[in-house]
Amino acid sequence: MRGRCSRKLGVLAKAGVLLWVLWLGYILLAGSPFPSSSTVEEDEEGRNVRAKQRSLDEAAADGQLARPLYSKPAPDSNAMGEWGRATHLNLSPEEKKLEQDSVERYAINIYVSDKISLHRHIQDHRMNECRSKKFDYRRLPTTSVIIAFYNEAWSTLLRTIHSVLETTPATLLKEIILIDDYSDRVYLKSQLAQHISEVNRVRLIRTKKREGLVRARLIGATYATGDVLTFLDCHCECVPGWIEPLLERIAENASTIVCPVIDTIDWNTFEFYMQTDEPMIGGFDWRLTFQWHSVPEVERKRRKSRIDPIRSPTMAGGLFAVSKAYFEYLGTYDMGMEVWGGENLELSFRVWMCGGSLEIHPCSHVGHVFPKKAPYARPNFLQNTVRAAEVWMDSYKQHFYNRNPPAKKVRQLQMKPTQVFKQCV
Ligand SMILES: [Mn+2]
């Protein structure tokens, strides 16, 4: 025991002497006339070097703050779908049958999706100004990402989750809240719970009955602890840098709902098509169906640069960020709405009528798989749009009923004349 102690002391003493010698050497070198034969030019050069070092340090600090919770594995250019490329498979008749079955079941080619990495990279083709834009990470609000799903395929759901974890700076991401709206597919039970338990900052909430998209999202929002609620669909892939512009805009103006540019992921090949030209904005027709329009001249003139957010009358619905406090002030969604369809227009009308605004940020890009067809029936679409018209359209609702006679019947059947609707609070 004692021998061991004295051996240790000996080692420590030697290490001490060695450190002292090194320090002395450093002092001698630093003090030697060799580096300090100073001329004015060299001083300036030194200052430049120091300034460069400082900016490198700052960039490194920014880089630290921009770092997501998990990093993607190194890209593998040979892997299927890497960089958002299309996947084309040479299939045997049996495999072809499996592929067709998956399309039949999900309205998305899940056979192909299953072959693509859950962590694939997406090529960033955003405008240069977007890619070089700097953010003050210490001042951006935090966000909770809310993803509701019903019987979603495994690989599209999990790719969405991993994509959020691998592209959202850890300092900004409070949590991902998954709401299972009473799915019955077996892999969404314990297998999903197990997978989720192995990643940080993901919560899984399950409803006790089928609630529909709107209520499922609102249930998710009640668990959110972030400053901003970011709603995503359950078959998305985020492009790096997607969240910062949304959060920065909400920090500037808390009464703004901000949407990313929604890029298309092909339902069949999973090719990621990034929209590189001017984004489209949302509108609607008199049947209250959502439509895309090009940016009008007046809005184009109002904006000072092509990376300024674009005001949009309506949103597509699936993907947007809103300050939690402002969403509550707005009265959230119309709770009487079921499933999906119409709720996006209702919320769009609500935000504009209640003094807020709705914008699309050209620097924020999220890919979405638009399915081959609507994956499940939505018998309540008409009912939802009737509610939106009754609450917000005043006398303009006549155009809606004229263009959409079945809506009149829905109103007679479902709306009591005394019914009071929620407007601005
Ligand atoms: Mn969708």
Side-chain angles (χ1 to χ4, degrees), residues 84 102-110 112-114 116 118 122 145-164 167 176-183 185 188 207 210-218 220 229-239 242 246 257 259-275 279-280 282 284 289-292 312 314-322 333 337-348 360 364-381 384:
S102 82
V103 174
E104 199 66 37
R105 191 168 197 207
Y106 295 100
I108 294 174
N109 192 337
I110 295 303
V112 160
S113 174
D114 288 347
I116 295 172
L118 299 178
I122 300 298
V145 176
I146 298 171
I147 302 168
F149 64 92
Y150 169 68
N151 280 351
E152 183 63 21
W154 176 265
S155 54
T156 43
L157 177 63
L158 270 291
R159 195 174 293 111
T160 308
I161 298 164
H162 288 295
S163 152
V164 172
T167 59
I176 298 177
I177 299 171
L178 295 174
I179 310 100
D180 171 13
D181 188 13
Y182 212 56
S183 302
R185 305 250 156 103
L188 295 173
T207 61
R210 190 78 207 282
E211 296 286 354
L213 175 77
V214 165
R215 283 194 296 268
R217 284 181 156 184
L218 288 177
L229 307 174
T230 303
F231 294 97
L232 286 188
D233 214 340
C234 50
H235 29 251
C236 288
E237 288 174 70
C238 306
V239 174
W242 73 286
L246 305 180
I257 295 182
C259 303
V261 177
I262 307 174
D263 295 316
T264 299
I265 302 170
D266 189 279
W267 65 266
N268 197 26
T269 65
F270 276 72
E271 179 165 9
F272 192 110
Y273 294 97
M274 189 173 289
Q275 212 175 303
M280 306 282 273
F284 59 92
T289 329
F290 174 82
Q291 287 175 335
W292 293 106
S312 176
T314 68
M315 64 162 128
L319 294 71
F320 65 94
V322 59
Y333 274 119
M337 290 204 175
E338 311 274 337
V339 199
W340 57 274
E343 90 293 342
N344 55 329
L345 294 192
E346 199 278 337
L347 184 58
S348 308
I360 295 172
S364 172
H365 279 252
V366 177
H368 170 254
V369 187
F370 290 89
K372 192 181 175 190
K373 56 176 173 37
Y376 44 85
R378 30 177 206 161
N380 299 302
F381 175 70
N384 286 359

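Ligands are counted one by one from 1 in listed order, and the atoms in each one are counted from 1 as well.
With hydrogens and angles ignored, the 3.5 Å screen pairs no side-chain donor or acceptor of Ser163 with any backbone N or O of Glu237.
For Thr264, the side-chain hydrogen bond (donor to acceptor under 3.5 Å, both in side chains) criterion is met by no residue, not counting sequence neighbours. For Asn344, the side-chain hydrogen bond (donor to acceptor under 3.5 Å, both in side chains) criterion is met by no residue, not counting sequence neighbours. Considering only residues two or more places apart in sequence or on other chains, Glu152 meets the salt bridge (Lys or Arg N to Asp or Glu O under 4.0 Å) condition with none of them.
Within a 6.0 Å radius of OH in Tyr182, no more than 12 heavy atoms belonging to other residues, nucleotides or ligands are found.
Taking both residues in full, the closest heavy atoms of Phe290 and Gly282 are given as CE1-CA, 3.6 Å, listed atom of the first, atom of the second, then distance.
Only protein atoms were considered; those of element N, O or S under 2.8 Å from the Mn ion (ligand 1) number 3.
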